[in-house]
Amino acid sequence: MNRRTFRKMKNGAFLGLSLIATLIGLACLTAILWTLVSHGVAGMSTQLFTQMTPPPGSKGGLLNAIYGSAIMTLLGILIGWPIGVLAGTYLAEYGRDSRLSTAIRFINDVLLSAPSIIIGLFIYETVVVRMGHFSALAGALALAVLAIPITLRVTEDMLNLVPIGLKDSSAALGAYPWRTTLSVLYPAARSGIVTGLLLAIARISGETAPLLFTALNNQFWSKDLLAPMANLPVVIFQFALSPYKDWQNLAWAGALIITATILILSISARVLLALLQGKQGAGR
Amino acid sequence: MAIIDPRHAARQLIYERVFRSATLTAAILVLLILGGVSLSLLRGAWPAVSHFGLSFVTREVWNPVTDQYGALAPIYGTIVTSLIAMVLAVPTGFGIALFLTELCPPLLKRPIGVAVELLAAVPSIIFGIWGLFVLAPLLQRHVQPWLIQHFSHIPGVGKLFMGPPYGIGILTAGVVLAIMVLPFIAATMRDVFDTVPPMLKESGYGLGATTWEVIWKVVVPHSRVGIVGGVMLGLGRALGETMAVTFVIGNAHRISSSLLAPGTTISSSIANEFTEAVGDLYTSSLIALGLLLFIITFAVIAVAQAMLRGLERRAVSSV
């Protein structure tokens, strides 16, 4: 075999392998979604949204878990999102390349990838132990801590996308930076900041590990923020690992609800971002 | 010329100070969170650390009845599952990144890229139940018997594939982890490959190189640091991943030579036992496990971030 043929064959072999790798990746996504839909749809019913989680062997729904997840995600976002946006604003507008900003950026990137179970332990130590019991509030705080890094990162990136001319024009009119930020930068980066919000919600709404020992779980309907509260991820965890068929079906239905919610949020975030980039011409 | 009202100007200055301090406080809070995490873990782990000393990380025993705890089995499980994940995910991620940057028809580039990124958005608990109900039976029926049949009698390597095919275990956990970190590795590598100047690649092609030769001899050397950074980022995720592993690892506090046997990891030990832990030493030992995990992942992620620093930061693909 001459050298040229060998090189061509080697080329073909590796490119073929890369195609196979891509097909494997896509197959995994398809397999997971297919399993979720086929198992989840079987468990779908109106009871799911009207009844509480049942004891083993009887029929029921996921109402308390859906409510709990919604409340804790909402609270987590209400606490974590403003902090993330403000911190991102500091890095983009005030701190820029100062040593403090560099350190914060670095720590934030580390927190972004840090295991969420560690955050759960942190909130357990600082909140649950102090209060003496598990609570929805502790769960929400754990989620808030998880929402901050992603919000910060997206906010900073999006503010940096705003054309410098806009900022300069505002400054030339005599506006202080706070005025420029609120009246010019935030509106200009609006869809980018909303993207960050969607991504933060997507990030925390499926989190299980940090809720295991902060919010715990609750078999019953509870609105008390200072008491343990049911939530979808932990219910899925417990029900899926149980030997009861009814519970497993509910776990699949819950898994489908969560995944569908998160995928819709992620896709919306990407669409928004694409619109934003389209508006500004070329990509970043 | 506008007349500037001094009171108005003073008020503006106050607003400016308030806003600036608010953003600064929020930014400093990020540092405080990291400090708080370290301190609270140290404090919670202290009883176990002072009681067992260094032997905590060198002993395999984990017995709540006699209150004896050693972290060797979870550490072993964490490292081995992550290694399996990296062995499977790094070449696959590399292939996907290569396909997306060099081969993919432009029309499909975005949809496939987004699909891979969506895989990253699927919560880990979903990977967990999928792993338990779909992947584990599949491996048990088709892959593990084959591994046992063909590899278990080879001296040395054979030890890794001995024993009955349980389905759940170290190997299955590694495979699930591989699927989970795949999108992170693929997305980072793709972003890194995209930063290679087209001029360099064109020069390679101009000399008559094949696509693969351009990739292996131009693109890869040029993006070496970024590739390693992406791999480390994936490793950081794999080491700390909790729910996906907890479902399929089997939760056995022992070190088996076989990859097919059940085991445990640091994070799955915590997730499984924390709420049921009775006694201060038990709880404290679990928190000490958390501290270990925190130190390991912090080091890995910090190195990864340092390597990826300077490359283009893309928020969305790293979520």
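Quick caveat, the model's predicted, so the values are computed rather than measured. Note on naming: letters A, B, ... go to the chains in the order of the sequence lines (proteins, then strands), and numbering restarts at 1 for each one.
For a residue to count as touching a neighbouring chain, one of its non-hydrogen atoms must lie under 4.5 Å from one of that chain's; by this rule B:Thr297 touches chain A with the side chain only. Contacts between B:Leu118 and chain A at a heavy-atom distance below 4.5 Å involve backbone atoms as well as side-chain atoms. Neither the backbone nor the side chain of A:Ile20 has a heavy atom closer than 4.5 Å to any heavy atom of chain B. For a residue to count as touching a neighbouring chain, one of its non-hydrogen atoms must lie under 4.5 Å from one of that chain's; by this rule B:Ser38 does not touch chain A. Proximity to chain B (any heavy atom under 4.5 Å) is restricted, for A:Ile258, to the side chain, taken from C-beta onward. For a residue to count as touching a neighbouring chain, one of its non-hydrogen atoms must lie under 4.5 Å from one of that chain's; by this rule A:Ser101 does not touch chain B. With a 4.5 Å cut-off on non-hydrogen atoms, B:Ser124 does not touch chain A at all. Residue B:Phe94: no heavy atom, backbone or side chain, is found under 4.5 Å from chain A. For chain A, the nearby part of B:Leu103 is the side chain; its heavy atoms alone come within less than 4.5 Å. Of the atoms belonging to A:Leu111, it is side-chain heavy atoms, and not backbone ones, that fall under 4.5 Å from chain B. Both the backbone and the side chain of B:Leu13 come within contact range of chain A, judged by heavy atoms closer than 4.5 Å. Contacts of A:Ile123 with chain B are absent, with no heavy-atom separation under 4.5 Å from either backbone or side chain. The contact between A:Ala209 and chain B is made by backbone and side chain atoms together, counting heavy-atom distances below 4.5 Å. Interface residue B:Leu119: backbone and side-chain heavy atoms are both found under 4.5 Å from chain A. Of the atoms belonging to B:Ile126, it is side-chain heavy atoms, and not backbone ones, that fall under 4.5 Å from chain A. With a 4.5 Å cut-off on non-hydrogen atoms, B:Leu41 touches chain A through its side chain but not through its backbone. Only the side chain of A:Leu26 has a heavy atom closer than 4.5 Å to any heavy atom of chain B. Heavy atoms of B:Val37 lying under 4.5 Å from chain A belong to its backbone as well as its side chain. Residue contact with chain B, scored on non-hydrogen atoms closer than 4.5 Å, involves the side chain of A:Ile262 exclusively.
By the 4.5 Å heavy-atom criterion applied to side chains, B:Ile129 and A:Phe237 are not counted as neighbours. The shortest distance between side-chain heavy atoms of B:Leu98 and A:Leu15 falls below 4.5 Å. Within the 4.5 Å cutoff, side-chain heavy atoms of A:Ser113 are placed close to those of B:Leu233. Inter-residue side-chain proximity for B:Thr210 and A:Lys10 is flagged as unmet; no heavy-atom pair is nearer than 4.5 Å. Using a 4.5 Å heavy-atom threshold, the side chains of B:Phe133 and A:Gln248 count as touching.
Each of A:Ile107, A:Leu33, A:Ile117 has some count of heavy-atom pairs under 4.5 Å with chain B, and the biggest count is that of A:Ile117. For chain A, the option among B:Thr242, B:Leu182, B:Thr25 with the highest count of heavy-atom pairs below 4.5 Å is B:Thr242. Between chain B and the options A:Ala255, A:Gly25, A:Pro177, A:Cys28, the largest number of non-hydrogen pairs under 4.5 Å is found for A:Pro177. Taking A:Leu256, A:Ile118, A:Ile24, A:Ile83 one by one and counting their heavy-atom pairs under 4.5 Å with chain B, the maximum is reached by A:Ile118. With chain A as partner, the option from B:Gly240, B:Ser267, B:Ala26 having the largest number of non-hydrogen pairs under 4.5 angstrom is B:Ala26. Note on A:Arg7, A:Glu207, A:Glu93, A:His39: by heavy-atom pairs under 4.5 Å with chain B, the leading option is A:Arg7. With respect to chain B, the highest number of heavy-atom pairs below 4.5 Å among A:Val85, A:Ile148, A:Leu241 belongs to A:Leu241.
Residues A:Phe14 and B:Trp212 bring their aromatic ring centres within 6.0 Å. Ring to ring, B:Phe19 and A:Tyr176 are not that close: their centroids are 6.0 angstrom or more apart.
Taking each heavy atom of B:Arg237 and A:Leu112 in turn, the nearest pair found is NH2-O, 3.8 Å.
A salt bridge links A:Arg270 with B:Glu117: at least one charged nitrogen is closer than 4.0 Å to a carboxylate oxygen.
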